[in-house]
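Heads up: the structure comes next, in structure tokens.
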2 protein chains.
Amino acid sequence: MTGRAADSVVKAISGRIHSGVLADGDLLPAERDLMEEFGISRTVAREAVRILASQGLIAAKPRHRPVIRKAGFEAAFDAAGSIVGNLLQHPGGVHNLFDTRIMLEAALVREAALSAGKKDIVNLKTALAENGATIDDNDRFYQTDQQFHAVLYDIPGNPVYPAIHRAYTTWLAPQWGQMPRLADRNRINFASHTAIMDAILLRDPDAAEAALRSHLADAWDQVRLTFGDI
Amino acid sequence: MTGRAADSVVKAISGRIHSGVLADGDLLPAERDLMEEFGISRTVAREAVRILASQGLIAAKPRHRPVIRKAGFEAAFDAAGSIVGNLLQHPGGVHNLFDTRIMLEAALVREAALSAGKKDIVNLKTALAENGATIDDNDRFYQTDQQFHAVLYDIPGNPVYPAIHRAYTTWLAPQWGQMPRLADRNRINFASHTAIMDAILLRDPDAAEAALRSHLADAWDQVRLTFGDI
DNA sequence: TTGCAAATTTTGGTCATACCAAAAATACTT
DNA sequence: AAGTATTTTTGGTATGACCAAAATTTGCAA
């Protein structure tokens, strides 16, 4: 109707994905099979595959059969990823994004301080302990650092938050990855994590937020030290 | 090098867009021109256009010349839109999304209470006044209601927040649009807005957050009343 | 000259076919 | 049974062609 023959194919396939006919991890039918099934040309079949890929419903690596990828909120943020990548090239882009991260994590630690359950506390303590144990291993510290923050995103039990966390770490990875890793900095960051943890244990949302903001503001200073004004 | 000829074309064109050679609103060269310029087949030219469109750099309506669209954060959320749309069909999807909205707006009103400037206060008062003046006009109340919340997203001066607000209203519109509009409810919502405003004026973040959470929790109850458990 | 409608050109959407190279599948050898 | 060579499948790209919708030009009448 509306000019795009590929759209109907996209609709049909995404329907199969959501209804489970095509499960996570399955291979998409070959393009030549699609053209037979839907009575379309290969051009349209390829177009449909492209659209599905841009919507995150399938993962299409060059020269490989596209793989069905169950669409979670992660997929949504993945779809936004390429655009955000462009925006981060512009002055202020990284700062704007990091700023939202600060506000969100501030809200998350408040939430944690107010309503973290026993299990959440255990998870936080575990993550913190592992973080402390890897201060001298820069690569692993990087991982356990992220893991500690990840626990914060898990606490509300809302799958959107972990997806956001993954998006942040992915989008900001280019900057983060280039930052110099020093044991001294690790020690400072671990101390910050500990302060956040303490405030949560004391059920003091204001202190938790303050500690978190201080932590991320410090991290941002490091970014600026490395990259200058971006 | 690695398989996708279209990628180099995409890179070249996106470079032109970012460098301003192709400005916002310009028309993308015709496919047949692209193939000549880059020495590629029409297949690849079309592929490149598709990719650029999926990245939000150009807006391609069927049967129309693609238009350059300098991507903002709104474009990123637009790209995520189709996936989120699907997720909202699943049980709990709407709730999960609305939950994040509550947390974000709670953080925003805290921010507003702590650091809203004179201009922000004026904007809030204006929005609130217009909201109050339209209690008996359901459609306009709906608009001024959104406008009041929009001001909250504007206060931090970070372009990401207005984009998020637009995404929320777009994504949740299907539910919101079907809700019954009653002058009584308008009155309640206006009272909530006033309470939030008062707390901000008193520079009391806790009260502002409480008022906001109460307001949105109430709104959610209305949603459940209309749709049942979703 | 100007306004508008008809004719023409441009351009996006689709199809069919062909070739190549990388993957995947299969056959074969050790 | 394991590893290697061979065949088949499949995605990436190129050509060329046709149609219908847009955009442009042309031409005529007011």
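Just so we're on the same page: letters track the sequence lines, and every chain starts at 1.
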Write down the distance between CD1 (A:I40) and P (C:dC15), rounded to a whole number of angstrom.
-> 7 Å

Please tabulate, one pair per line, each protein N/O and nucleotide N/O from nucleotides 16-25 of chain D that are separated by under 3.5 Å, including the distance.
{"from": "D:dA17", "atom 1": "N6", "to": "B:R42", "atom 2": "NH1", "distance (Å)": "3.4"}
{"from": "D:dA20", "atom 1": "N3", "to": "B:R63", "atom 2": "NH1", "distance (Å)": "3.4"}

Atom CG of A:D7 to atom P of C:dG13: distance rounded to whole Å?
-> 11 Å

With no hydrogens and no angle check, do the side chains of B:T100 and B:Y168 hold a donor and an acceptor under 3.5 Å apart?
-> yes

For A:V44 and for B:P29, find the nucleotide of DNA chain C with the closest heavy atom, then tell me which residue's nucleotide is more 5'.
-> B:P29

Donor-acceptor list for residues 178-185 of chain A side chains, cut-off 3.5 Å, not counting sequence neighbours:
{"from": "A:Q178", "atom 1": "NE2", "to": "A:P174", "atom 2": "O", "distance (Å)": "3.2"}
{"from": "A:R181", "atom 1": "NH1", "to": "A:D139", "atom 2": "OD1", "distance (Å)": "3.2"}
{"from": "A:R185", "atom 1": "NH2", "to": "A:D218", "atom 2": "OD2", "distance (Å)": "2.4"}

Atom CE of A:M35 and atom P of D:dT10 are separated, to the nearest Å, by 13 Å

Quickly work out the A:E31 CD to C:dC19 P distance and round it to whole Å.
-> 19 Å

Smallest separation among heavy atoms of A:H165 and A:Q146, with atom names = CE1-O, 3.5 Å

Taking the side chain as C-beta and beyond, is there a heavy-atom pair between B:E111 and B:L152 under 4.5 Å?
-> no

Gap between atoms CD and P, on A:E36 and D:dT9 respectively (whole Å) = 13 Å

Are OP1 or OP2 of C:dG13 and a side-chain N or O of B:R46 less than 4.0 angstrom apart?
-> yes

May I have the distance from B:L28 (atom CG) to C:dT11 (atom C1'), rounded to whole angstrom?
-> 12 Å

For B:L52 and C:dG12, what is the distance between atoms CG and P respectively, to the nearest whole Å?
-> 13 Å

Not counting sequence neighbours, which residues clear side-chain contact (heavy atoms from CB on, under 4.5 Å) with B:D145? List them please.
-> B:N131, B:F141, B:H149, B:N189, B:H193

Test salt bridge (Lys or Arg N to Asp or Glu O under 4.0 Å) applied to B:R42 and B:E31, step by step = CA-CA 7 Å; B:R42 184 132 170 260; B:E31 295 172 358; 2.9 Å; yes

In whole angstrom, what separates B:I58's CD1 from C:dG12's C1'?
-> 12 Å

